[in-house]
Protein chains: 2
Amino acid sequence: MSILFSPIKDSQTLSQKIERKIEQAIRDKQLPAGSKLPTEHELCKMFAVSRTALREALRRLSARGLVDIKKGSGMYVSDYNIKDAISSLLLYYDLKFDNNLILHINQARLMFEPEITKLAAINRSKKSLAEIRKSIDDLISCHPDHIQAEADLINLFHAKITESSGNSFVIISMEPIFSLIPRMRNFIYANIEGERDVRVKFHEKIYSALEAKDGDAAHAAMKELIEHTNKTYIEKLQKYNKE
Amino acid sequence: MSILFSPIKDSQTLSQKIERKIEQAIRDKQLPAGSKLPTEHELCKMFAVSRTALREALRRLSARGLVDIKKGSGMYVSDYNIKDAISSLLLYYDLKFDNNLILHINQARLMFEPEITKLAAINRSKKSLAEIRKSIDDLISCHPDHIQAEADLINLFHAKITESSGNSFVIISMEPIFSLIPRMRNFIYANIEGERDVRVKFHEKIYSALEAKDGDAAHAAMKELIEHTNKTYIEKLQKYNKE
DNA sequence: AGCTTTAAATTTGTCGTACATATTTATTAA
DNA sequence: TTAATAAATATGTACGACAAATTTAAAGCT
């Protein structure tokens, strides 16, 4: 019976209707990024609505990152970037964050990162290679007590490789992991005596494959590294459960 | 000099401050999904602000999917789901949609879907296998003139396999592709004489591997299928450019 | 006593007015 | 010509009033 009859009355509020019209103009490229929107006063006249409904519509658009509102200046179509793109994903993961998600992320990394590293070996530029090199050098020279900095440099290593793939979909798909890792790093990257040297060896091996543009070697080396990372995570988890 | 001094005055509007406090309560699980928020009147008293600023804060939260506002009833913490999770991603892809993105998506699928299918072969349930079976059967019996329906069934086949992996991160990462495909399908899934039979053969082969829980066979078969899909897309693109 | 209908209360949606505050533009002074 | 000041512009917040959807309470009917 749900198809036979549908609501006669539109359940959208006025502000949602306004939101939709402005959003559609943005999606249709009628309002390019950076362009200034008409003032509140002008938009109220255009839409024949009160300032309240219009402002509420604009708050909705602003909250979703579509427009920037500047007091005293005006409202501008924002340049929607990757950070905006993953904002709702990050919120979702924050709300659903648990150990199961970490396990799934670890599993996905094992599936995806060797493939990504293989592509990166082919697509990497001199510049991206230098950035990867720097992350390794910084890790080597990082003070042993700077555990957080160490984990961040490991994270950076992985992120830079993903960037080197040059595939925008891949980069965006992996970005939530790298954004979440500051939160997980004490779990994922084991703080164990001698671990750093093991890790540096893995990084060097991957770097060599990238440098040599050897996709298969890169794939194999990254697979090994992720397996190692996941293994130490499982061990750490079991140790924690035993206590 | 940027670290030495920082803005004295907080640039956040009052409504953004309110938004943040309510959001934090939600993130901290103080306000679980489904629970009713205090009324506007109560919140105005709690925060000691006017109704205007509060409503604008609530519009921001509502626009991001964190709360549902029901006229005459009240405001509720929403059950943030996968659809919400990918909403900003889908917006990003809509704003940046071009052929380059399609190529990147195709490339990512070649990297990821064989791995996903391999995992699905291990993790699939009887139920998920039956759903995959149904999508193939529906494709076989689909009328030859129903080009859109055909493409949607192909899409469903792929989506069901990804679901069968049982990995939440993987499912979410691939969801934008399946959401975007209705838009791309006339490009991605070639409408060529005889193509449907070729495709059904690929689907059957993958299905057999899934049924047999043969991860390597599943991986190889899916790789072959994606290569085929990507190849016909490139051919179609070149044909289009020639005209 | 239980169910249905009607009325009242509650809660969010929209409008209009007023003033505050940040930014931009225009005018004046050096 | 440049710098300082004033005026205008544009968004931020508050308040009061009324509209409209939902919920609750009361009245009416069987």
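Note: hydrogens, waters and symmetry copies are ignored here, and every other heavy atom, side chains too, is used. Remember, predicted model here, so these are calculated numbers, not experimental data. The chains referred to below are lettered A, B, ... by the order of the sequence lines, with proteins before strands, and numbering in each begins at 1.
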In whole Å, what is the span from the [atom1] atom of [X] to the [atom2] atom of [N]?
{"X": "B/E56", "N": "C/dG13", "atom1": "CD", "atom2": "P", "value": "13 Å"}
{"X": "A/K70", "N": "D/dA10", "atom1": "NZ", "atom2": "P", "value": "16 Å"}
{"X": "A/F47", "N": "C/dC15", "atom1": "CZ", "atom2": "C1'", "value": "17 Å"}
{"X": "B/D68", "N": "C/dT11", "atom1": "CG", "atom2": "P", "value": "18 Å"}
{"X": "A/R55", "N": "D/dA10", "atom1": "CZ", "atom2": "C1'", "value": "10 Å"}
{"X": "B/I69", "N": "D/dT22", "atom1": "CD1", "atom2": "P", "value": "15 Å"}
{"X": "B/Q12", "N": "D/dT11", "atom1": "CD", "atom2": "C1'", "value": "15 Å"}
{"X": "B/L54", "N": "D/dG12", "atom1": "CG", "atom2": "P", "value": "16 Å"}

Next on the checklist: Looking at B/Y80, I'd like to know if the NZ or CZ of A/K96 sits under 6.0 Å from its six-membered ring centre while staying within 45 degrees of the ring's axis.
Outcome noted: no

Next on the checklist: Less than 6.0 angstrom from the centroid, inside 45 degrees of the normal: does A/K21 satisfy that with respect to the ring of A/F47?
Outcome noted: no

Item to check | Residue pair A/T13 / A/Q16, side-chain donor-acceptor N/O under 3.5 Å | outcome: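 Yes, a side-chain donor-acceptor pair sits under 3.5 Å.
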
Next on the checklist: Could you check whether B/R109 and B/H158, counting side-chain N and O atoms only, form a donor-acceptor pair closer than 3.5 Å?
Outcome noted: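 Side-chain D/A pair, B/H158 to B/R109: present.
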
Checklist entry - Looking only at atom types and distance, does a side-chain atom of A/S62 sit under 3.5 Å from a main-chain N or O of A/L58, one as donor and one as acceptor? => result no

Item to check | B/S165 side chain to B/I161 backbone, donor-acceptor under 3.5 Å | outcome: no

Side chain of [X] only, please: which of [options] is the nearest?
{"X": "B/T13", "options": "D/dT13, C/dT12, C/dC15", "value": "D/dT13"}
{"X": "B/T52", "options": "C/dG13, C/dT14, D/dC15", "value": "D/dC15"}
{"X": "B/V49", "options": "C/dG13, D/dA14, D/dT13", "value": "D/dA14"}

Next on the checklist: Taking only side-chain N and O atoms of A/S50, does any of them lie within less than 4.0 angstrom of OP1 or OP2 on C/dT14?
Outcome noted: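 The answer is no; no side-chain N or O of A/S50 sits under 4.0 Å from OP1 or OP2.
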
Item to check | Step-by-step side-chain contact (heavy atoms from CB on, under 4.5 Å) determination, B/I22 to B/R60 | outcome: CA-CA 11 Å; B/I22 295 173; B/R60 298 185 63 92; over 6 Å; no

Item to check | Residues A/E150, A/R199; criterion salt bridge (Lys or Arg N to Asp or Glu O under 4.0 Å); working and verdict | outcome: CA-CA 11 Å; A/E150 193 173 299; A/R199 198 162 258 272; over 6 Å; no

Next on the checklist: For a side-chain contact (heavy atoms from CB on, under 4.5 Å) check, start with the C-alpha distance between B/F112 and A/V170, then their side-chain angles and the critical distance, and finish with the verdict.
Outcome noted: CA-CA 9 Å; B/F112 292 171; A/V170 167; 4.0 Å; yes

Checklist entry - Which of residues 37-44 of chain A sit near DNA chain D, with a heavy atom under 4.0 Å from it? => result A/T39, A/E40

Item to check | Distance-minimising heavy-atom pair for A/S173 and B/F169 | outcome: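 Scanning both residues completely, I find the closest heavy atoms to be O-CZ, 3.6 Å.
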
Distances under 3.5 Å between nitrogen or oxygen atoms of protein and nucleotides 19-22 of chain C:
| unit_1 | atom_1 | unit_2 | atom_2 | d |
| --- | --- | --- | --- | --- |
| C/dT21 | O4' | A/K71 | NZ | 3.4 |
| C/dA22 | OP1 | B/K9 | NZ | 3.3 |

Next on the checklist: Contact list please: residues 74-81 of chain B against DNA chain C, heavy atoms, distance less than 4.0 Å, in numerical order.
Outcome noted: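 By residue number: B/G74, B/M75.
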
Item to check | Basic-acidic side-chain contact under 4.0 Å: B/R59, B/E56 | outcome: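 B/E56 and B/R59: not salt-bridged.
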
Next on the checklist: Using side-chain contact (heavy atoms from CB on, under 4.5 Å), reason through A/D137 and A/R133 one step at a time and then give a plain yes or no.
Outcome noted: CA-CA 6 Å; A/D137 291 341; A/R133 178 74 250 164; 2.9 Å; yes

